[in-house]
There are 2 protein chains.
Amino acid sequence: MASIKDIAKQAGVSISTVSYALNGSSKVTEETAAKILAIAKELNYVPNAAARSLKKRETKIIGVFLTNYGGAFYGQLLQGIQEALNRKGYEMIVCSGKESHRFIPERMIDGAIVLDYFFSSEELIKHANAGHKIVVMDRELTHSNINQVLLHNTSGATLAIDHLIEKGHRKIYAVSGPEGSYDATQRIEAVRQAVKRYADIDYHELPGDFNKPAGEKAAEQIVKEFTEPAAVFCLNDEMAIGMYNYLARTKYEVGKDIHIIGFDNIELTQYTSPRLATIDYSERKWGAVSAEHLLKLIANEPVEHERIYVTLIPGGSVQNV
Amino acid sequence: MASIKDIAKQAGVSISTVSYALNGSSKVTEETAAKILAIAKELNYVPNAAARSLKKRETKIIGVFLTNYGGAFYGQLLQGIQEALNRKGYEMIVCSGKESHRFIPERMIDGAIVLDYFFSSEELIKHANAGHKIVVMDRELTHSNINQVLLHNTSGATLAIDHLIEKGHRKIYAVSGPEGSYDATQRIEAVRQAVKRYADIDYHELPGDFNKPAGEKAAEQIVKEFTEPAAVFCLNDEMAIGMYNYLARTKYEVGKDIHIIGFDNIELTQYTSPRLATIDYSERKWGAVSAEHLLKLIANEPVEHERIYVTLIPGGSVQNV
DNA sequence: ACTATAGCTGTAAACGTTAACATTGTATAA
DNA sequence: TTATACAATGTTAACGTTTACAGCTATAGT
């Protein structure tokens, strides 16, 4: 509650001198500065964020927009963002929900990192037009104030399909993702391209939405039309887990009757039995790169879009047929 | 970027009239208000958060402080907090890391919900002394500006031990939590009380830190001194999972040789085999209650401390012996 | 001794709001 | 007709900073 004014009064100097002293300006004598610092500490002075950002027109805070907090999924990602930001003197806040979008136009944050399905591209572009800097992790958006840091979905999906083929599978299902999802679209498109390269594939597509129940539903369908061992590429691990759950209640075995590969390498996959084969990428790096790109955008430095590479993690869920 | 001043100029009125109109004051003619609103919309006007909170001395934002984002643990909790806050016109931001603590004295937020092992109680009390309102979810702290919303650790731990006893176990291990953790201290204390009620218990305590490796290490120890089937109460699920992992690499079977019960009912427990017995509570409710209490604290309404009740979830990991 | 210069410190405007208070105009009552 | 009240709008100070600029003092150069 103590303000710069209180310090000035107690130190017998003007508020500007206090301000300079607190900001380490060389304009103030060491002696004066020391006295001011001491009084500031004594009064438990902390600068008022609102006043400072009103004047400086920046907050040194970056907002990360997430659809929801479910799943261990975001842990490493946020860690990566946070570390990269702190290194440059920025703070991170995590926001979720439509209402929090207002932080951008209200200038509560200096930039936004978006991984939020519910954040419409029109809205993002509106904010970009108003001069706000944004990094998107879940869509392609071309704008001078927007940078993309995306997963290499295409090569991931190709890796997955190639792995199934290598293991001798010819009957292949893909369980898709939600309608508007960029990741889902890219992955399914890559799958279609990949299977096209082989003449003898018996390829089927099942709808999905990236959640467990969709995986269960897909499993139900696959079981219903079961004739011979089949392989399934679930476009994310979550649905693969759902599929495990459903199959556990049937006589069909994962890695024997139904072979499954996922995408994301979420923590849970390590505890599935047999271990889920999946596509992995460094969440931490994905986050760090996004943060770095955003800061460059803010500093008006040139930045290129970037894609994060992915690798195949084999597992007992996909075996030779 | 358009400010109230731009609107005033274009509408040919004073800035105060604009302010009143935008805030829906009845002081302004409907006609004038309509004109002003129209111009505001046309100029894409959004109030500047810094200016507003500088003047109003409030931000309508609540900060939730978490140690880290690892684990699916916080998902429902945050959801609960967010819903409760939004209902009352507040926004939630999630903060992590020591630096973010400054949001409190800087008045960036109107209140704090703390579930952060690294946030020292001295620091919290200092902030409370400065008039800031805080709800703690991970410690007992008595202060007029601090409210506690805690888990009913004691009854949870008692439920766990009683369950093991009911199942006929007499050789019982407890794997403890980290040194300074409030939850850990409460739980282990309750365990000691509980086993004291039975004369014939062969009780052992093993150190732990709430992480998987600690569970593995404890499992190693238990296996080393294995003579007969034993039961283990891991003070959280995370360590129980670590124990599963270790035992999977041995000849000992969970639910047969080693019986395990955890605490928290994290999502992962549903995918362990056999299912992990554990202690459950509603994360969502825990979050919602915390948020409600904080808002009451802010409104200077009376609030009592609260404890969230817990229940036993049986599982194949604990069977009759 | 006088001026120029450098080094500190002070003055004041500005950032964008809100809200108390002042002013103006108009309708109502005496 | 004039005082009175009230409704609508305007003026202004304040919130707590930062920072351009002005002012002062002491030192150094002539």
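Throughout, a chain's letter reflects where its sequence line sits, starting with A, and its residues are numbered from 1. Nothing here was measured: the structure is a model prediction, and the numbers come from that model.
Nearest to the side chain of B:Val28, among C:dT9, C:dC15, D:dT9, sits D:dT9. In the set C:dT17, D:dT17, C:dC21, D:dT17 carries the atom at the smallest distance from any side-chain atom of A:Ile4. Among the nucleotides D:dT17, C:dG16, C:dC21, the one closest to the side chain of A:Ala51 is D:dT17.
Counting non-hydrogen atoms under 4.0 angstrom, B:Val46 reaches the backbone sugars and phosphates but no base. Base engagement by A:Ser19 is indicated by at least one non-hydrogen atom pair under 4.0 Å involving a base atom. Within the 4.0 angstrom heavy-atom criterion, only backbone atoms of the sugar-phosphate kind lie near B:Thr32; the bases stay farther away. At a threshold of 4.0 angstrom between heavy atoms, the contacts of B:Ser3 are confined to the sugar-phosphate backbone, with no base atom among them.
With DNA chain D read from its 5' end, the first of the two nearest nucleotides for A:Lys27 and A:Ala2 is the one closest to A:Ala2.
No side-chain N or O of B:Glu58 forms a donor-acceptor pair with one of B:Ser53 less than 3.5 Å apart. Under 3.5 Å, the side chains of A:Ser121 and A:Arg139 contain a donor-acceptor pair of N or O atoms. Looking only at atom types and distance, the side chain of B:Asn153 has a donor-acceptor partner in the side chain of B:Asp183 under 3.5 Å away. A:Asn145 and A:His127 share no side-chain donor-acceptor pair at under 3.5 Å. Side-chain contact, B:Ser14 with B:Thr17: a donor N or O sits under 3.5 Å from an acceptor N or O. Defined by atom type and a distance below 3.5 Å, a donor-acceptor pair is missing between the side-chain atoms of B:His132 and B:Asp110.
As a whole-Å value, the separation of B:Leu22 CG from C:dA19 P is 13 Å. Rounded to an integer number of Å, the gap from CG of A:Asn48 to C1' of D:dA14 is 13 Å. We find that CG of B:Asn23 is positioned 13 Å from C1' of C:dG16, with the value rounded to whole Å. Atom pair A:Lys56:NZ and D:dG16:P shows a separation of 19 Å (rounding to whole Å applied). Here the P atom of nucleotide D:dT9 and the CD1 atom of B:Ile36 are 8 Å apart, to the nearest Å. In this entry the distance linking NZ of A:Lys5 with P of C:dG10 reads 16 Å, nearest Å. For the pair B:Arg107 CZ and D:dT17 P, the interatomic distance rounds to 11 Å; values are reported in whole Å. Separating the CZ atom of A:Arg52 from the P atom of D:dT19 is a distance of 10 Å, rounded to the nearest angstrom.
Remark: B:Gly12, B:Val13, B:Ser14, B:Ile15, B:Ser16, B:Thr17 in residues 8-17 of chain B come within less than 4.0 Å of DNA chain D through at least one heavy atom.
With hydrogens and angles left out, the side chain of B:Tyr20 and the base of D:dA7 share no donor-acceptor pair within 3.5 Å. For A:Lys55 and D:dT17, a side-chain-to-base donor-acceptor distance below 3.5 Å is absent, hydrogens and geometry of angles not being considered.
Atom CD1 in A:Ile36 sits 12.0 Å away from atom OH in A:Tyr20 (nearest 0.5 Å). In this structure, the separation between CD on B:Glu99 and CG on A:Asn86 is 6.5 Å, given to the nearest 0.5 Å.
Using a 4.0 Å cut-off between a side-chain N of Lys or Arg and a carboxylate O of Asp or Glu, A:Glu83 and A:Arg284 qualify as a salt bridge. Remark: A:Glu292 does not engage A:Lys285 in a salt bridge, criterion side-chain N to carboxylate O under 4.0 Å.
Residue A:Glu304 places its CD atom among 12 or fewer non-hydrogen atoms of other residues, nucleotides or ligands, all under 6.0 Å distant.
Helix-axis bend for the helix from C:dA1-D:dT30 to C:dA30-D:dT1: the local axis fitted to the five terminal pairs at one end deviates from that at the other end by 60°, rounded to 10°.
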Got a list of protein N/O to nucleotides 24-26 of chain C N/O distances below 3.5 Å?
none

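Of the candidates B:Leu77, B:Val114, B:Ile308, B:Asn147, B:Leu77 is the only one forming a side-chain contact (heavy atoms from CB on, under 4.5 Å) with B:Met137.
Here A:Thr29 does not reach the OP1 or OP2 of C:dG7: none of its side-chain N or O atoms lies under 4.0 Å away.
Ring orientation note: the planes of B:Phe65 and B:His101 are nearly perpendicular, at an angle over 60° on the 30°/60° scale.
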